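Right, one structure below, let's go through it.
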Protein chains: 2
Amino acid sequence: MEDGTVERVRPRDRILETAQDMFHKHGIKGVGIDAITEAAGTNKMTLYRHFDSKDDLIIQCLRATACKAGAMWEKFEVQHPGNKLAQLHAWVRMAADCLTADGRGCDMANAAIELTDTDHPARRVIKELKEAQRDRLVTLCRDAGIGQAELLADTLSLLLEGARVSVQSVGTEGPSAQFVRMAEGLIVSFRGTAAG
Amino acid sequence: MEDGTVERVRPRDRILETAQDMFHKHGIKGVGIDAITEAAGTNKMTLYRHFDSKDDLIIQCLRATACKAGAMWEKFEVQHPGNKLAQLHAWVRMAADCLTADGRGCDMANAAIELTDTDHPARRVIKELKEAQRDRLVTLCRDAGIGQAELLADTLSLLLEGARVSVQSVGTEGPSAQFVRMAEGLIVSFRGTAAG
DNA sequence: CTAGGGTGTTACCGGTCTGTAACGTCATGA
DNA sequence: TCATGACGTTACAGACCGGTAACACCCTAG
């Protein structure tokens, strides 16, 4: 049978899933290849048959995580079809949920901080994915009828980025606790000054 | 002569200074003890005579960095004595300078992201120092006559934190480029809604 | 049945890491 | 002069790291 849908999850997928989870929880430099393969129920050789190196694995993990995050946006469209303003508010709620539930920040931002070498191959991937993320939020703001869509999107981006970092340094009771109020206030404010 | 002011910089201070710089540039896990001692022109034994462990060194570095940052606040008071609103604007300018000049974010935030173990001894120090930083900004906002001082201070904190992270993932041309406009806009907005 | 590809196992390489032991050097101060 | 203490040097321990080689296994497609 040539249907590719195998029941048992292939080692490559188990590795990718496990690595995402462990990188997220313990950081990239805080997790070794051996720990990943063991947690994934496989071994080092199999990992290196599917990924060129740890750096390659890191990049694939970042792409996979971004892909999952992308699915969120489709959920917004499904939940509020055509209503871009409602989708923007849904984005705020989703962001707030990330803050309280997660404890660890954005994988891409964390990776950018950990991988200090500016020539690291993951850096351009991080930049690429973050820019795509930004474009998406800008478009949503614009479609929601916000005048200065770029400025609102950038402000919300920085607020969320900062909140996700703040959670890790001072916890959920710190400044990030006010994230929703800040974001909603900004949206109201920008809608007030709306333009064509 | 029993005056403690020795001309030659003591090894402990050289180590502390060098470690701060290298931790900042390359991250905590990206720098080894050997590299620090070599750059400081000393050796490993001397380091371990002054610091209990690498974790201890990390903590001392964070405290020293926070101390330097504290000196900035005194500069604001000197430059604009009594004028708290001017000091708040000076804080915004200082923050913006950090963004364009540095390339690497806040040492405390970076450390919080790198040291994923919640029991790590540096974590409570980070939280302590970050909370002190927040209190300072809240006080400044309140003294500047802002009504919702806590909310403005928290918003500015998150914006800056996010901007310092964003610089590392997408560079200075990303959302962080609008930091000053965002911050100044917020201050104006909060002064508009000022209360007693 | 058979060949081959995906997988598992073990062992290993060279390097790096934190931290310590033992000893030698040197300046200072009594 | 001599003792003390700070500092430097070398070597090492023990662990972990990323990555590779060689070989055995087993399921499946043909």
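Protein chains get the first letters and strands the later ones, always in sequence-line order, with residue 1 at the start of each. Because the structure is predicted, anything quoted here is derived from the model rather than measured.
- Under the side chain to side chain donor-acceptor pair (under 3.5 Å) criterion, Arg142(B) pairs with Glu150(B), sequence neighbours left out.
- Remark: Lys127(A) pairs with no residue by the salt bridge (charged side-chain N to carboxylate O under 4.0 Å, His left out) rule, at least two apart or across chains.
- Among residues two or more places apart in sequence or in another chain, the salt bridge (charged side-chain N to carboxylate O under 4.0 Å, His left out) test is passed with Arg134(B) by Asp154(B).
- Side chain of Thr42(A), nearest nucleotide from dG8(D), dC7(D), dG8(C): dG8(C).
- Here His50(B) reaches the OP1 or OP2 of dC7(D): one of its side-chain N or O atoms lies under 4.0 Å away.
- A side-chain donor from one of Glu184(A) and His89(A) sits under 3.5 Å from a side-chain acceptor of the other.
- Nearest to the side-chain atoms of Arg14(B) among the listed nucleotides dT18(C), dG8(D), dG18(D) stands dG8(D).
- Neither side chain, His26(B) nor Asp117(A), offers a donor N or O lying under 3.5 Å from an acceptor on the other.
- Checking the phosphate oxygens (OP1, OP2) of dG8(C), a side-chain nitrogen or oxygen of Thr46(A) falls inside 4.0 Å.
- Expressed to the nearest 0.5 Å, how far CZ of Arg123(A) lies from CG of Asp119(A) amounts to 9.5 Å.
- Evaluation of the salt bridge (charged side-chain N to carboxylate O under 4.0 Å, His left out) rule for Glu38(B) yields no partner, not counting sequence neighbours.
- Listed by chain and residue number, Asn43(A), Arg49(A) satisfy the side-chain contact (heavy atoms from CB on, under 4.5 Å) test with Met45(A) (two or more places apart in sequence, or in another chain).
- Here Lys25(B) pairs with Asp21(B) under the salt bridge (charged side-chain N to carboxylate O under 4.0 Å, His left out) rule; sequence neighbours left out.
- Between Lys130(B) and Glu161(B) there is a salt bridge, since a side-chain N of the basic residue sits under 4.0 Å from a carboxylate O of the acidic one.
- Think of Met22(A) as one node in a network of Ile, Leu, Val, Met, Phe, Trp and Tyr side chains linked at under 4.5 Å; its network also takes in Ile15(A), Leu16(A), Phe23(A), Ile28(A), Val31(A), Ile33(A), Ile36(A), Leu47(A), Tyr48(A), Phe51(A), Leu57(A), Ile58(A), Ile59(A), Leu62(A), Met108(A), Leu115(A), Val125(A), Ile126(A), Leu129(A).
- In summary, Glu128(A) and Arg63(A) engage in a salt bridge, as defined by a charged side-chain N under 4.0 Å from a carboxylate O.
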So if I define the base as every atom that isn't primed, P, OP1 or OP2, how would nucleotides 22-28 of chain D read as a B/S/- string at a heavy-atom cutoff under 4.0 Å? B------
Short N/O separations, protein against nucleotides 14-16 of chain C, under 3.5 angstrom:
none

Counting only pairs under 3.5 Å, give me each side-chain donor-acceptor contact of residues 168-176 of chain B, with atom names and distances, residues two or more places apart or in other chains.
{"residue": "Gln168(B)", "atom": "OE1", "partner": "Arg104(B)", "partner atom": "NH1", "Å": "3.2"}
{"residue": "Gln168(B)", "atom": "NE2", "partner": "Arg164(B)", "partner atom": "O", "Å": "3.2"}
{"residue": "Ser169(B)", "atom": "OG", "partner": "Ser166(B)", "partner atom": "O", "Å": "3.2"}

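- An end-to-end axis angle of 0° holds for the helix from dC1(C)-dG30(D) to dA30(C)-dT1(D), taken from five base pairs per end and rounded to 10°.
- Residues from residues 51-63 of chain B with heavy atoms under 4.0 angstrom of DNA chain D: there are none.
- Looking at the side chain of Tyr48(B), the nearest of the listed nucleotides dC17(D), dG19(C), dT9(C) is dG19(C).
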